[in-house]
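We use all heavy atoms of the structure for the numbers below, so side chains are in, but hydrogens, waters and symmetry mates are not. Keep in mind that this is a model prediction, so the values were computed, not measured. Indexing begins at 1, ligand by ligand and atom by atom, following the structure's order.
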Amino acid sequence: MGSDSAKQNAARAALEFVREGMDLGIGTGSTVDIFIDLLAESGLRPGQVVSSSDRSTRRLEGHGIEVSELNNVAGLDLYVDGADESNRLLQLIKGGGGALTREKIVAAASKRFVCIADHSKLVRALGDFPLPIEVIPMARSLVARELTRLGGRPSWREGFTTDNGNWILDVSGLNMNEPIKLEQRLNNIPGVVTVGLFALKGADVLLLGSEDGVERIDSRRDG
Ligand code: 5RP
């Protein structure tokens, strides 16, 4: 669990990527909550703002920031979101907060994805954090059996329903040596809505906060 000051440092560093009038995508989680508060305090006026969850929408609107529907926006300049794990290639595991589907959609609509996290989220190899997978409720057992066949140990996040009305399986034990291939393989299971692996399209910039400051890692794809 990262400290609040580490998250604060990462979130503050992300604010430097925001320019007046930019169309922004906003992710979900405790680090993003801090970013939203800092954005509101900063007095910067973004263009259109699209949110990845009901939780972030409530927080943005609580600050008087209007939230637009993605369908009404041609594209976004910048997406700011957290992660549960990142490797040095900026491939991510996301979905600890259950907002992975909208997060993947808003990330896909954005020119640049700046990921903010505390330093504990940087890992040598992905997979200690159980991989969240959003599934259509009627397919939960079918998908779980298929994940078991692939060597995973799925666990149903009971009592949790996503903003899209679906369920989450948290999967341990999958071989993540080839994250892109795994994401493609899992995407093909009928009943899977979204896989919390962001490897086909990871982050462009990772800002890792610690107590003393921020480490920035740029994707090899970026600039
Ligand atoms: C939500 C996410 C979050 O970005 C992730 O869980 C990190 O959250 P936090 O900033 O609270 O550590 O993917 O679905």
With sequence neighbours excluded, tell me which residues meet ring-ring contact (aromatic ring centres under 6.0 Å, His included) with F198. none
Single hit among K94, K201, K104 for salt bridge (charged side-chain N to carboxylate O under 4.0 Å, His left out) with E183: K104
Crowding at CD, E20 (>12 non-hydrogen neighbours, <6.0 Å): yes
Between S110 (side chain only) and V106 (backbone N and O only), is there a donor and an acceptor less than 3.5 Å apart? yes
Using a 4.0 Å cut-off on heavy atoms, what residues surround ligand 1? Order them by chain and number. T28, G29, S30, T31, D81, G82, A83, D84, K94, G95, G96, G97, G98, A99, E103, K121
Taking side-chain contact (heavy atoms from CB on, under 4.5 Å) as the test, write out the residues that go with A10, two or more places apart. I116
Linked hydrophobic residues, W167 as query - side chain contacts closer than 4.5 Å: I93, V123, L126, F129, L131, I133, V135, V143, L147, L150, W156, L169, V171, L174, M176, L182, L186, I189, V192, V195, L197
